[in-house]
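Some notes on the structure that comes next.
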Amino acid sequence: EIVIWSTPQFGFVRLSDSFSTGSSIMPQKKNPDAAELVRAKTGRVNGHLIGLLTVMKGLPLTYSKDMQEDKEAVFDAAETLDLMLAAMTGMVRDLAVDAAAMKKAAGSGYSTATDLADWLVRRLGLPFREAHHVTGRAVALAEQKKVGLDKLSLEELRTLHPGIEADVFSVLAVQNSVKSRSSFGGTAPAQVRRQIRYWKKRLAKA
């Protein structure tokens, strides 16, 4: 995600110069080298695992000289992991987050369409199959008008189903959609803060 989020197409985060380098060809480009190398080094660690498993395969019940081959793989994997953890810790600590870009992306692609379908089921008692069709028509209308679902008027929504009421807009706002996922591990701010507190306590004990 750090590699993808740092691209101009996403622009969610910006890495510090300590964990990125300039391109040798394109002077305007900033490469997330540390993130790319951490991603690649998992192949090295996985390779050591396969090598170690192969060494241990088919051994008799007692010690055999085969097992001296485990040292190189284990030591290199441990050193590589230490380096990866240091790089990831530094990147996350130093990166700058563009909250506005993330918020804009969260509302793209008609992300609250499921909320609309759920509202139709919950408030109007529609079978989900029918609610799905109504929502699909709402998305098609929004695409045609080149607006978000929350920018459709109540009159326009009522052409899709006459039972739709004004409070439907409460579920079409991205912020409310995020807040509504309040189950354990959900996206609601209270749940996110709960996970942050949990991991801070756990890491403090490490």
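Basis for what follows: all heavy atoms, side chains included, without hydrogens, waters or symmetry-related copies. Positions are given from 1 along the sequence.
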**OP:** Could you check Trp5 against Met102 for side-chain contact (heavy atoms from CB on, under 4.5 Å), going step by step and ending with a plain yes or no?
**Re:** CA-CA 10 Å; Trp5 289 355; Met102 287 187 162; 4.1 Å; yes

My understanding is that only residues two or more places apart in sequence, or in another chain, count here; which of them pass salt bridge (Lys or Arg N to Asp or Glu O under 4.0 Å) with [X]?
X	value
Lys179	none
Lys145	Glu156
Asp150	none

Student check: side-chain heavy atoms of [X] and [Y] closer than 4.5 Å:
X	Y	value
Thr187	Gln191	no
Leu59	Asp66	yes
Gln195	Phe184	yes
Val3	Pro32	yes

Subject >> Other residues, nucleotides, ligands: >12 heavy atoms within 6.0 Å of Glu69 CD >> reply: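 Atom CD in Glu69 is not crowded, with 12 or fewer foreign heavy atoms closer than 6.0 Å.
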
Original post:
Taking atom CD of Glu143 as the centre, does the number of heavy atoms from other residues, nucleotides or ligands within less than 6.0 Å exceed 12?
Top reply: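 Counting other residues, nucleotides and ligands, CD of Glu143 exceeds 12 neighbours.
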
Taking all non-hydrogen atoms of both residues, which atom of [X] and which atom of [Y] are closest, and how far apart?
X	Y	answer
Ile2	Met91	CG2-SD, 4.4 Å
Val174	Gly107	CG2-CA, 3.4 Å
Ser111	Ala106	OG-O, 2.6 Å
Ala113	Val139	CB-CG2, 4.1 Å

Original post:
Residues in side-chain hydrogen bond (donor to acceptor under 3.5 Å, both in side chains) with Asp82, at least two apart?
Top reply: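 side-chain hydrogen bond (donor to acceptor under 3.5 Å, both in side chains) check on Asp82 returns nothing, list empty.
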
Original post:
Passes side-chain contact (heavy atoms from CB on, under 4.5 Å), Ser20 versus Asn31? Steps please.
Top reply: CA-CA 5 Å; Ser20 56; Asn31 295 322; 5.8 Å; no

Sequence neighbours excluded, every pair satisfying salt bridge (Lys or Arg N to Asp or Glu O under 4.0 Å) that has a member inside [range]:
range	result
residues 98-114	none
residues 33-60	Arg44-Asp76
residues 1-20	Asp17-Lys30

Subject >> Ser182 (side chain) donor-acceptor with Ala188 (main chain) under 3.5 angstrom >> reply: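 No: the side chain of Ser182 does not pair with the backbone of Ala188.
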
Original post:
For Leu95, does its backbone N or O pair with a side-chain atom of Ser16 as donor and acceptor, under 3.5 Å?
Top reply: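 The answer is no, because no donor-acceptor pair under 3.5 Å joins these two groups.
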
In terms of hydrophobic clusters joined by side-chain contacts under 4.5 Å, are [X] and [Y] together?
X	Y	result
Val45	Val55	no
Val171	Val147	yes
Val92	Phe10	yes
Val168	Leu160	yes
Leu83	Val38	no

Check residues 115-122 and write down every donor-acceptor pair under 3.5 Å in which the side-chain atom is one partner and the other belongs to a residue at least two apart or another chain.
| residue | atom | partner | partner atom | Å |
| --- | --- | --- | --- | --- |
| Asp115 | OD1 | Ser177 | OG | 2.9 |
| Asp115 | OD2 | Ser177 | OG | 3.2 |
| Asp115 | OD2 | Arg181 | NH1 | 2.5 |

With rounding to the nearest 0.5 angstrom, report the [atom1] to [atom2] distance, [X] to [Y].
X	Y	atom1	atom2	answer
Thr112	Leu172	OG1	CG	5.0 Å
Thr42	Leu37	OG1	CG	11.0 Å
Ser153	Phe169	OG	CZ	6.5 Å
Gln144	Leu141	CD	CG	6.0 Å
Thr89	Phe19	OG1	CZ	8.5 Å

Side chains of residues 198-206: which donor-acceptor partners sit under 3.5 Å, not counting sequence neighbours?
| residue | atom | partner | partner atom | Å |
| --- | --- | --- | --- | --- |
| Tyr198 | OH | Arg202 | NH1 | 3.2 |

**OP:** Apply side-chain contact (heavy atoms from CB on, under 4.5 Å) to Leu15 and Asp94, showing your working.
**Re:** CA-CA 7 Å; Leu15 295 176; Asp94 287 357; over 6 Å; no

Original post:
With sequence neighbours left out, which residue pairs that include part of residues 127-138 fulfil the side chain to side chain donor-acceptor pair (under 3.5 Å) condition?
Top reply: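 Sorted pair list comes back empty.
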
Subject >> Side-chain cluster (under 4.5 Å, hydrophobic types only) that Val192 belongs to, other residues >> reply: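 Ile196, listed by chain and number.
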
**OP:** Give the other cluster members for Leu85, using side-chain heavy-atom distances under 4.5 Å between Ile, Leu, Val, Met, Phe, Trp and Tyr residues; answer none if it is isolated.
**Re:**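 Besides Leu85, the hydrophobic cluster comprises Leu81, listed by chain and residue number.
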
